[in-house]
Protein chains: 2
Amino acid sequence: MVKNERTAPRPSAKREAILDAAQACFLEQGYAATSMDAVASGATVSKATIYAHFASKDALFAAVICRRCDNSSYTTGWPDGSGEAREALLAAGTVLMTLLLAPETMAMYRVVVAEAVRQPDLARAFWEEGPGRGKERLTALFAGLAERGVLRVADPWVAADQFAGMLRAEVFHRLLLGLPLPDGRTIETTVAAAVETLLRAYS
Amino acid sequence: MVKNERTAPRPSAKREAILDAAQACFLEQGYAATSMDAVASGATVSKATIYAHFASKDALFAAVICRRCDNSSYTTGWPDGSGEAREALLAAGTVLMTLLLAPETMAMYRVVVAEAVRQPDLARAFWEEGPGRGKERLTALFAGLAERGVLRVADPWVAADQFAGMLRAEVFHRLLLGLPLPDGRTIETTVAAAVETLLRAYS
DNA sequence: GTCTATAAAGCGATAGAC
DNA sequence: GTCTATCGCTTTATAGAC
């Protein structure tokens, strides 16, 4: 850890505590309902200290979202695309949908969507680092399967779009609205149904 | 128009003006960023008049959402399911996706999602009157096509879920975040691709 | 950098006249 | 029902001591 970090501010203990507390507040209660007093209290820090690190509430919010985006790169279980098509799609679908339905992801999505109109740059960054990146990996997977001839996909982008869409159907939208799920619909059944449909369509 | 309306309050000119102004504010700026002063100004009415009609800001918001839900029943162009499967699905998909991508629908979705945690009852009402109703119609359509034997669908709910999901894929989520659309992706191409995929899978 | 204390403004909601 | 005027509270942000 040399001191040669010009772009990002170097992490300090207080700064991290502030970001942690702010993330908890923003994700649980939304942007507007979160007060700087609540963040200060959560971080056991005075409000003035927050303003020493972040220019404004907007800047603090942006910092929280960006930090979260940078950390959203865990891809354990992602298939390399070398085996059977069904196997690869089941693995990819399970990874994506598990990440998608994680409470933290849902909360993140809610708050970014809510603030998208007010902070367009943030919405763009969120998409590119989050859903957009997953979409690219999925497109690459379909392209690889098509190239190897195990799947007859004319346009990998469209196939990835359809796959992602089927994963993010009613289950996702009900969770986003905080509603109970329909009986018997789980990650496994949804992924399996989507994979079977795609295999029948593209074989 | 007899005076026998016990449930809903009878419409008055001022009341409607308030609801119109409130809807414009809430959908454009969100719940928290909308002040009662702004609504009063938009309706050319005093703030006290608003409180004569609505108990609180929350109540006003709920009234706006519910009124909008009641009006979202235009189904021009919805297929009766008597003809060919491709024809019926193309028609249904176009109707759904056109409604889905309408700016007003997008704004509504944004604000309801943002307030879902704080007002769960409202989120539930929105789902049942909006997306839920569309989903039911779609499920019935698939069930009818399956019954007539023109489509081999084991579970109409799953088929409807997948169709709706494919319609609400990247295009929908990018619009929700206020981002530009990828080149060459329109309502027509998305609907057509989804229909072809489902036909290949379920024929 | 970090604190306490406070400024300055905006908010939802209400009182009281008409 | 509708208005004007205002209350009481919370908010973001800052000043000044250390």
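First the proteins, then the strands, lettered A, B, ... as listed; each starts at 1.
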* **cation_pi(B:Lys135, B:Trp157) dist<6.0 Å, angle<=45** =>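 The answer is yes, since B:Lys135 meets both limits relative to B:Trp157.
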Can you tell me if [X] and [Y] form a side-chain donor-acceptor pair at under 3.5 Å?
X        : Y        : answer
A:Tyr109 : A:Glu104 : no
A:Asp58  : A:Ser56  : no
A:Gln29  : B:Arg118 : no

Taking atom [atom2] of [N] as reference, at what distance in whole Å does atom [atom1] of [X] sit?
X       : N      : atom1 : atom2 : value
B:Phe54 : D:dT2  : CZ    : C1'   : 15 Å
B:Leu60 : C:dA13 : CG    : C1'   : 13 Å
B:Ile50 : D:dT4  : CD1   : C1'   : 15 Å
B:Arg15 : D:dG1  : CZ    : P     : 9 Å

* For each nucleotide in nucleotides 13-18 of chain D, reading 5' to 3', give B when a protein heavy atom comes within less than 4.0 Å of its base, S when such contact involves only the sugar-phosphate, and - otherwise. => BBB---
* Between A:Phe163 and A:Gly93, what is the shortest heavy-atom contact and its length? -> CZ-CA, 3.9 Å
* Sugar-phosphate only, base, or nothing, as touched by A:Ser46 at under 4.0 Å among non-hydrogen atoms -> base
* To do: Answer yes or no: does a side-chain N or O of B:Thr49 lie under 4.0 Å from OP1 or OP2 of D:dG1?
  =>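 Checking D:dG1 against B:Thr49, no side-chain N or O comes under 4.0 Å of OP1 or OP2.
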* Spatial distance of atom CE (A:Met108) from atom CZ (A:Phe126) [nearest 0.5 Å] ->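 If I round to the nearest 0.5 Å, the distance is 5.5 Å.
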